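All values derive from a computational prediction rather than experimental measurement.
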Amino acid sequence: QTITDIQLQIRLESTKGFNLKVTEVLKEVDVLQAETDAKVIKIKADGARESAVLIAKANAEALQQEQAAKAYMYAAMRSHLNWTQSQFLEYIRMHALNMQQPSNVKLGVDPVGAVERVS
(Lines give C-alpha, C1' and ligand atoms only; values in the text may rest on other atoms or scores of the structure.)
Protein backbone atom coordinates (compact mmCIF):
# COMPACT_ATOMS: atom_id res chain seq x y z
CA GLN A 1 0.00 0.00 0.00
CA THR A 2 2.78 2.42 0.90
CA ILE A 3 4.70 1.71 -2.27
CA THR A 4 1.53 2.31 -4.29
CA ASP A 5 0.92 5.58 -2.42
CA ILE A 6 4.50 6.68 -3.11
CA GLN A 7 4.20 5.77 -6.81
CA LEU A 8 0.86 7.56 -6.98
CA GLN A 9 2.40 10.61 -5.31
CA ILE A 10 5.30 10.59 -7.80
CA ARG A 11 2.90 10.36 -10.74
CA LEU A 12 0.76 13.12 -9.24
CA GLU A 13 3.81 15.39 -8.92
CA SER A 14 4.83 14.48 -12.45
CA THR A 15 1.34 15.30 -13.75
CA LYS A 16 1.31 18.60 -11.87
CA GLY A 17 4.70 19.43 -13.37
CA PHE A 18 3.40 18.70 -16.87
CA ASN A 19 0.28 20.77 -16.20
CA LEU A 20 2.47 23.61 -15.00
CA LYS A 21 4.58 23.40 -18.18
CA VAL A 22 1.43 23.33 -20.32
CA THR A 23 0.11 26.42 -18.54
CA GLU A 24 3.47 28.13 -18.99
CA VAL A 25 3.47 27.37 -22.73
CA LEU A 26 -0.12 28.55 -23.07
CA LYS A 27 0.72 31.85 -21.38
CA GLU A 28 3.74 32.23 -23.61
CA VAL A 29 1.52 31.66 -26.65
CA ASP A 30 -0.92 34.30 -25.29
CA VAL A 31 1.92 36.82 -24.99
CA LEU A 32 3.13 36.04 -28.51
CA GLN A 33 -0.42 36.36 -29.84
CA ALA A 34 -0.83 39.74 -28.14
CA GLU A 35 2.47 40.95 -29.60
CA THR A 36 1.45 39.75 -33.05
CA ASP A 37 -1.96 41.41 -32.76
CA ALA A 38 -0.27 44.67 -31.77
CA LYS A 39 2.05 44.46 -34.77
CA VAL A 40 -0.87 43.79 -37.12
CA ILE A 41 -2.80 46.75 -35.69
CA LYS A 42 0.24 48.99 -36.15
CA ILE A 43 0.74 47.81 -39.75
CA LYS A 44 -2.94 48.45 -40.54
CA ALA A 45 -2.78 51.92 -38.97
CA ASP A 46 0.40 52.76 -40.90
CA GLY A 47 -1.22 51.55 -44.12
CA ALA A 48 -4.37 53.60 -43.48
CA ARG A 49 -2.27 56.69 -42.73
CA GLU A 50 -0.16 56.27 -45.86
CA SER A 51 -3.30 55.67 -47.91
CA ALA A 52 -4.92 58.84 -46.59
CA VAL A 53 -1.78 60.86 -47.33
CA LEU A 54 -1.52 59.48 -50.88
CA ILE A 55 -5.20 60.12 -51.58
CA ALA A 56 -4.96 63.67 -50.23
CA LYS A 57 -1.86 64.35 -52.35
CA ALA A 58 -3.54 62.91 -55.45
CA ASN A 59 -6.66 65.01 -54.87
CA ALA A 60 -4.56 68.15 -54.37
CA GLU A 61 -2.56 67.45 -57.51
CA ALA A 62 -5.74 66.81 -59.52
CA LEU A 63 -7.22 70.08 -58.27
CA GLN A 64 -4.05 71.97 -59.21
CA GLN A 65 -4.05 70.43 -62.68
CA GLU A 66 -7.72 71.25 -63.18
CA GLN A 67 -7.25 74.84 -62.05
CA ALA A 68 -4.16 75.25 -64.24
CA ALA A 69 -6.07 73.94 -67.26
CA LYS A 70 -8.98 76.31 -66.55
CA ALA A 71 -6.62 79.25 -66.15
CA TYR A 72 -4.86 78.41 -69.41
CA MET A 73 -8.12 78.03 -71.34
CA TYR A 74 -9.63 81.20 -69.87
CA ALA A 75 -6.48 83.11 -70.80
CA ALA A 76 -6.60 81.71 -74.32
CA MET A 77 -10.30 82.57 -74.63
CA ARG A 78 -9.79 86.12 -73.37
CA SER A 79 -6.90 86.63 -75.76
CA HIS A 80 -8.81 85.13 -78.71
CA LEU A 81 -11.88 87.31 -78.07
CA ASN A 82 -9.68 90.34 -77.34
CA TRP A 83 -11.63 91.13 -74.14
CA THR A 84 -10.54 93.63 -71.51
CA GLN A 85 -10.24 92.53 -67.90
CA SER A 86 -13.63 94.03 -67.00
CA GLN A 87 -15.34 92.40 -70.00
CA PHE A 88 -13.85 89.05 -69.08
CA LEU A 89 -14.91 89.38 -65.42
CA GLU A 90 -18.44 90.22 -66.56
CA TYR A 91 -18.44 87.05 -68.68
CA ILE A 92 -17.22 84.98 -65.71
CA ARG A 93 -19.91 86.50 -63.48
CA MET A 94 -22.69 85.81 -66.00
CA HIS A 95 -21.39 82.32 -66.74
CA ALA A 96 -21.40 81.49 -63.02
CA LEU A 97 -24.96 82.79 -62.66
CA ASN A 98 -26.14 80.81 -65.68
CA MET A 99 -24.65 77.62 -64.20
CA GLN A 100 -26.91 77.91 -61.14
CA GLN A 101 -30.33 76.29 -60.89
CA PRO A 102 -32.92 78.88 -62.03
CA SER A 103 -34.91 78.36 -58.84
CA ASN A 104 -31.87 79.43 -56.78
CA VAL A 105 -31.19 82.69 -58.65
CA LYS A 106 -33.26 85.88 -58.56
CA LEU A 107 -31.91 88.63 -60.81
CA GLY A 108 -33.22 91.79 -62.35
CA VAL A 109 -31.64 90.92 -65.72
CA ASP A 110 -32.33 88.40 -68.45
CA PRO A 111 -30.05 85.36 -68.63
CA VAL A 112 -27.18 85.70 -71.07
CA GLY A 113 -28.34 84.69 -74.54
CA ALA A 114 -32.05 85.18 -73.84
CA VAL A 115 -34.05 86.82 -76.58
CA GLU A 116 -36.28 89.68 -75.51
CA ARG A 117 -39.85 89.41 -76.74
CA VAL A 118 -41.37 92.41 -78.46
CA SER A 119 -45.13 92.85 -78.04
Assess whether salt bridge (Lys or Arg N to Asp or Glu O under 4.0 Å) is satisfied between Arg93 and Glu90, documenting all intermediate values. CA-CA 5 Å; Arg93 193 175 299 122; Glu90 185 65 21; 2.7 Å; yes

How would you list, by chain and number, every residue that makes a salt bridge (Lys or Arg N to Asp or Glu O under 4.0 Å) with [X], sequence neighbours excluded?
X: Lys70; answer: Glu66
X: Lys21; answer: none
X: Asp46; answer: Lys42

According to a hydrophobic-cluster definition based on side-chain heavy atoms being under 4.5 Å apart (Ile, Leu, Val, Met, Phe, Trp, Tyr only), do [X] and [Y] belong together?
X: Leu32; Y: Leu26; answer: no
X: Phe88; Y: Met73; answer: no
X: Leu89; Y: Tyr74; answer: no

Kindly check if the number of other-residue, nucleotide or ligand heavy atoms within 6.0 Å of [atom1] ([X]) is above 12?
X: Gln85; atom1: CD; result: yes
X: Glu61; atom1: CD; result: no
X: Ile3; atom1: CD1; result: no

Can you tell me how far the [atom1] atom of [X] sits from the [atom2] atom of [Y], to the nearest 0.5 Å?
X: Thr36; Y: Ile41; atom1: OG1; atom2: CD1; answer: 11.0 Å
X: Leu12; Y: Asp5; atom1: CG; atom2: CG; answer: 11.5 Å
X: Gln9; Y: Ile6; atom1: CD; atom2: CD1; answer: 9.5 Å
X: Arg11; Y: Thr4; atom1: CZ; atom2: OG1; answer: 9.5 Å

Would you say Ser51's side chain and Gly47's backbone share a donor-acceptor pair under 3.5 angstrom? no

Does Gln87 use its side chain to pair, donor to acceptor, with the backbone of Thr84 at less than 3.5 Å? yes

Between Gln33 and Asp37, does any side-chain donor sit less than 3.5 Å from a side-chain acceptor? yes

Minimum heavy-atom distance Tyr91-Met77, with the two atoms named: CE2-CE, 3.2 Å

